[in-house]
Amino acid sequence: MRNIGFKLLVLFLFIVSFCLVPPAASANFTQTQLDEITQLWQTSAHALTEVNCSSCHQNAETKQLIVRPTQESCRSCHEYTVETFLLGKHGIRTLEGLSPLTPAMAHLPMKESAQDLQMSCNTCHDVHSVNTSQAAVDSCLVCHNDPHSLNYKSSPHAQIVELTSLPRPNQDAVTCATCHLPREKVGSAILVNHNNTYVLKPRDRMVKDVCMNCHGVEHSYNSIFDDQLVESNFAGPPTQKMQTFQLVRDLEKKRSSKAK
Ligand code: HEC
Ligand code: HEC
Ligand code: HEC
Ligand code: HEC
Ligand code: HEC
Ligand code: HEC
């Protein structure tokens, strides 16, 4: 009970402080908007772990209100996440102090309706509900519009688990994020590597870090170097044969004997 009282106090102070911001610096939020946000937050992992409005909306040192926090407000608790996000294609412009990435800047096909969406933590997660199941597929398809991305939902991987019923993707699920924002062991924790470029270069990094959690090495290699299969988002078995794999093996052997 004490905790609930405390939370309500924080909320009250927060709303009051919104009213105290001078009009020029503030945006006007209706009570309905604040209620909606509070509702989303109340059932989130953050509310359960006592991460309150002020955890993100108040500068820890100056105590000043931040109306629209950036990824810097997440850093104190999610250092690895923020660091990895900033190093991938999605975040690198932000790291360099440029305006955030938008689909309008892309060479890959993107949804017309998303052209001006700015990339931030809030683009994939609603920062108030911090839902990760929705972030793992549906959020990507708000922007991405190439054949590979569009074919995902009808692929065998998408049929493994029904994602919409889960609070977060489980270990059996293969989502866009399983392949592109893979989970990694960081110290004793399993965290999501938010660098969306990391597993693409070299391409077979994804084999080791992702596919081989479930498939054999040969199936994985044969699949990932099959461009048509990638385009279909792995709709069926690889058509490439072991031969290719044998070549890789021979090459490796040659290389290692040279190194000796
Ligand atoms: C995990 C951090 C976090 C917590 C906790 C949090 N917020 Fe936010 N909030 C943000 C971020 C980040 C944004 C900026 C979103 C954006 O980029 O538009 C934001 C935006 C807002 C906005 C502006 C919305 C808009 O349309 O521009 C309001 C109002 C708000 N939050 C209220 C609240 C209230 C009330 C609470 C507590 C019930 C809360 N927030 C808890 C991170 C947080
Ligand atoms: C005061 C510490 C704190 C701050 C600040 C904070 N978080 Fe969190 N966050 C947590 C904790 C604690 C958890 C729950 C434990 C866990 O899963 O690590 C969590 C969990 C999450 C999750 C996973 C939710 C789930 O259901 O698995 C997401 C996504 C998330 N936070 C995003 C953010 C974003 C985005 C920001 C900044 C806008 C932010 N957090 C700011 C502490 C914080
Ligand atoms: C491109 C979409 C996308 C963006 C942008 C994004 N996330 Fe995530 N995030 C995800 C997905 C998807 C998951 C869950 C993946 C899974 O569970 O396999 C996740 C999981 C998390 C988690 C829980 C797992 C963990 O590593 O602790 C946290 C915390 C989190 N995100 C914070 C953030 C923060 C902070 C930012 C901004 C720096 C951010 N996210 C930006 C898609 C995104
Ligand atoms: C706000 C729109 C937006 C969302 C949401 C989004 N992306 Fe992207 N993504 C982009 C843009 C823009 C690019 C850059 C494309 C280009 O340069 O042609 C990109 C690039 C990528 C790349 C290529 C990276 C590289 O280094 O070439 C991958 C992979 C990717 N996104 C995966 C995802 C996944 C997975 C999700 C969901 C978890 C997601 N994206 C969510 C806009 C988005
Ligand atoms: C089973 C793993 C897997 C899944 C699931 C998956 N992808 Fe991919 N994705 C790949 C591989 C492999 C490539 C090809 C990498 C290359 O060409 O170097 C790729 C390429 C991409 C690219 C193009 C990168 C570039 O620069 O050309 C984007 C964008 C992308 N995926 C987004 C998504 C989205 C969005 C989803 C979900 C709707 C998704 N992917 C699901 C494995 C996956
Ligand atoms: C979490 C486990 C998991 C991960 C990770 C995973 N897969 Fe799968 N994959 C499966 C399951 C389960 C199936 C469905 C098998 C079936 O229907 O018989 C499947 C099916 C496939 C198929 C279709 C096979 C067929 O015969 O129709 C291909 C191709 C494939 N995966 C390639 C990959 C590649 C490449 C990666 C890495 C980029 C990958 N998978 C990552 C579990 C996984």
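Just so you know, ligand 1 is whichever comes first in the structure, and atom 1 is the first atom listed for that ligand.
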Asks: Students should be able to answer this: which protein heavy-atom is nearest to atom 11 (C) of ligand 5, and at what distance?
Replies: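 Ranking protein heavy atoms by distance from atom 11 (C) of ligand 5, first comes Met206 CE, 3.9 Å.
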Asks: Tell me: protein heavy atom nearest atom 41 (C) of ligand 5, and distance?
Replies: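 Looking only at protein heavy atoms, the one closest to atom 41 (C) of ligand 5 is Asn233 ND2, 3.5 Å.
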Asks: Do we see a donor-acceptor contact under 3.5 Å between the side chains of Ser220 and Ser223?
Replies: no
Asks: For Thr175, counting its heavy atoms only, list the atoms of ligand 5 lying under 4.0 Å from any of them.
Replies: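 In order of number, 5 (C).
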Asks: Under 4.0 Å from a heavy atom of Ile224: which atoms of ligand 5 are those, numbered in the order shown and with their elements?
Replies: 12 (C)
Asks: Could you list which atoms of ligand 5 come closer than 4.0 Å to a heavy atom of Ser149?
Replies: 32 (C), 33 (C), 34 (C), 35 (C), 38 (C)
Asks: Using 2.8 Å as the threshold, say whether any N, O or S atom from His148 sits that close to atom 8 (Fe) of ligand 5.
Replies: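 Yes.
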Asks: With no hydrogens and no angle check, just 3.5 Å: does a side-chain donor-acceptor pair link Asp146 and Ser149?
Replies: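 There is such a pair (donor and acceptor under 3.5 Å, judged by atom type) between the side chains of Asp146 and Ser149.
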Asks: Within ligand 6, which atoms have a heavy atom of Val210 less than 4.0 Å away?
Replies: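 The list of qualifying atoms is 5 (C).
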Asks: Is ligand 6 less than 4.0 angstrom away from at least one heavy atom of Met212?
Replies: no
Asks: Taking 2.8 Å as the limit, list every protein N, O or S atom around atom 8 (Fe) of ligand 6, by chain and residue number.
Replies: His157 NE2, His215 NE2
Asks: If you link I, L, V, M, F, W and Y whenever their side-chain heavy atoms are under 4.5 Å apart, who else ends up in the same group as Leu86?
Replies: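 Members alongside Leu86: Val82, Phe85, Leu87, Ile92, Leu95, Leu101, Met105, Met119.
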Asks: According to ring-ring contact (aromatic ring centres under 6.0 Å, His included), does anything in residues 177-217 pair up with another residue at least two apart or in another chain? List the pairs.
Replies: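 Output for this query lists His215-His219.
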Asks: If waters are left out, how many protein N/O/S atoms lie within less than 2.8 Å of atom 8 (Fe) of ligand 4?
Replies: 2
Asks: For ligand 5, which atoms have a heavy atom of Leu141 less than 4.0 angstrom away?
Replies: 38 (C)
Asks: Between Thr123 and ligand 4, is there a nitrogen or oxygen pair with a distance under 3.5 Å?
Replies: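 It does not: no N or O of Thr123 is found under 3.5 Å from an N or O of ligand 4.
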